[in-house]
Amino acid sequence: MTTTTTTLTGHSILAGREVPGAGGTTRAVDPATGEHLGPAYTLLDEAQLAEATAAAEEASASFGDLDPQAHAGFLERIAANIEAVAGELVERAGAETGLPAARLNGELARTTGQLRLFASVVRQGDHRGVRVEHALPDRTPLPRPDLRQRKVPLGPVAVFGASNFPFAFSTAGGDTASALAAGCPVVFKAHNAHPGTGELVGRAVTDAVAACGLHPGVFSLVYGPGASIGQALVRDPRITAVGFTGSRAGGTALMATAAARPVPIPVYAEMSSINPVVVLEGALRGDVEALARGYVASLTGSSGQLCTAPGLLFVPAGETGEAFLAAVERALADAAGQTMLTPGIAGSWREGVDALGAQEGVGVVARGAEGSTQHAPAPVVFESDVPTFRANPVLQEEIFGAASLVIRYRSPEELLGAVRRMEGQLTATLHLAEEDHPIAAALLPVLERKVGRILANGWPTGVDVGEAMVHGGPFPATSDARTTSVGTLAIERFLRPVAYQNLPGDLLPPPVQEANPWHLTRRVDGRLQPAEHTEGDRA
Ligand code: NAP
């Protein structure tokens, strides 16, 4: 047995306290070697879980009322604490996930950048959505009362991270960052595929809570199986919302649990997407080899274990389409399998590939090479046609990993018919030249109803974290198409509006006070009033 660090305890962190679980143990596995990593992680039982949720509820009022400077400083402190252990984090995450250091370093920078972006959101305060309507006592036929509106945090949020982003979609990833930025305490269900990484990040958050003098219930990290502890967390009456990134089965199970509670709560689950790419005829008059290399690179990066990997590609039937497929075959010949995140995920990938390959009317375009480790299967591209795609739902199922399906279309009408049959997706990509604009114009309204992000002449992997990003989309891409889990808009998921009617001025909270002490941009009597200072502007 090896360990990358001597500092890990293997315990849950309940409101700042390291607590051994009473419900058995588990160990991380290095997917490249099959070796177990220390320490053993002790799993909580349901009675212990209540300590975290009770503390989160207790922390809600003071954390939700934090002034913007202190609140933003807390998020920045988490980022700095993560950076302080960056070397140890990347080493441990590499051992637990098989992901290369370069990818993990980039992901860590994205995670700390995301926390700092949310700090700037908190300072600027647009998300508080303040509206003021002064009283109009002389209005006829009825006087208008004094009405003021702002958004308040929902309360404690349960967050479930994904296996494939041990930093950016895990312990202090996008869901945690946006919930904390909204003023919601977080109880994070640790991912059992990277428990040591989770503990190191969990400590960085816990230390920031203490250093900023916040109530310790602002953050807890709980180890335990999803089926027991995860479910119990979502059933807990003190939890007010759920953030989840992972499988369709896991997300829909949590949606059902949340809906069946005596008091149902929202679940923001990001689940399953095959991210269609539509190659139009004009795009194939350009550099077809480069196009094919781009496709294969996007498909095989991180072993295809990205929620935005291109699992489906439409190409015109005929000579140009065949030339593209031949180029894909050449590009794939240079691609070797990379270690997948867990033996279980590699096993599911093999099952998915076998199932797709066994469907009538589905053939193999090409396979890459097996990687050098046990769980590094050869990437594969399948092919079929629109009638088969429309008739068989198996062709739309996500295979998490480096497998993709190319569908030949014989006419723009056939292409449109296939796109209309697609499930909801995170992204859709168009490869096009100017001559293709009329077809693209016909596709766009269909795609807008199906996906959260539409790209032209690029590849869907690589999600920018910013103001205008949407990483969302209709079911099954997510459980709620009205929002995003990446980018600043993600904060809206954990807020709700409250109106104050005719409240005495000294009882009003700062965002809606007449003097605007937090210098927020507000809508006053129908007019947008920009903040008086620009210090907190988002760069
Ligand atoms: P996962 O198996 O769904 O697990 C995610 C988290 O949810 C884990 O902590 C897991 O705990 C918990 N969980 C799973 N099922 C649960 C249930 N029924 N009740 C309560 N908690 C439950 O996802 P993963 O580990 O990331 O596995 C990869 C899968 O995620 C792939 O299928 C991939 O398609 C999907 N994925 C999608 C996206 C996206 O953005 N659309 C991104 C990343 C991954 P336990 O492990 O302890 O059960």
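These numbers were taken from a predicted model, which means no experiment stands behind them. Each ligand, and each atom within it, is numbered from 1 in the order the structure gives.
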Using every non-hydrogen atom in the two residues, find where Arg367 and Val364 come nearest and quote the distance to one decimal.
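Heavy-atom minimum between the residues: NH2-CG2, 3.9 Å.
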Can you give me the closest heavy-atom contact between Gly250 and Phe244, atom names plus distance?
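It is C-CZ, 3.7 Å.
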Counting only heavy atoms, tell me which of [options] gets closest to [atom].
| atom | options | value |
| --- | --- | --- |
| atom 14 (C) of ligand 1 | Gly250, Ser228, Pro476, Gly198 | Gly250 |
| atom 46 (O) of ligand 1 | Lys189, Glu398, Arg248 | Lys189 |
| atom 5 (C) of ligand 1 | Ser247, Gly226, Ala162, Gly161 | Gly161 |

Looking at ligand 1, does any of its N/O atoms fall within less than 3.5 Å of an N/O of [X]?
| X | result |
| --- | --- |
| Ser273 | no |
| Asn164 | no |
| Ile345 | no |

Spacing of Leu99 atom CG and His194 atom NE2 [to the nearest 0.5 Å]
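If I round to the nearest 0.5 Å, the distance is 10.0 Å.
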Checking Thr9 against Glu199: is there a side-chain donor and acceptor pair closer than 3.5 Å?
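A pair is found: one side chain offers a donor N or O, the other an acceptor, under 3.5 Å apart.
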Polar contact flag, side-chain donor to acceptor under 3.5 angstrom, Gln425-Asn275
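Side-chain D/A pair, Gln425 to Asn275: absent.
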Proximity to ligand 1 by part of Ala253, non-hydrogen separation under 4.0 Å:
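Answer for Ala253: side chain.
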May I ask you to identify, for Phe244, whether its side chain, its backbone, both or neither come under 4.0 Å of ligand 1 on a heavy-atom basis?
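Side chain only.
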Would the number of heavy atoms belonging to other residues, nucleotides or ligands and lying under 6.0 Å from CD of Gln374 be above 12?
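It does not: Gln374 CD has 12 such atoms or fewer within range.
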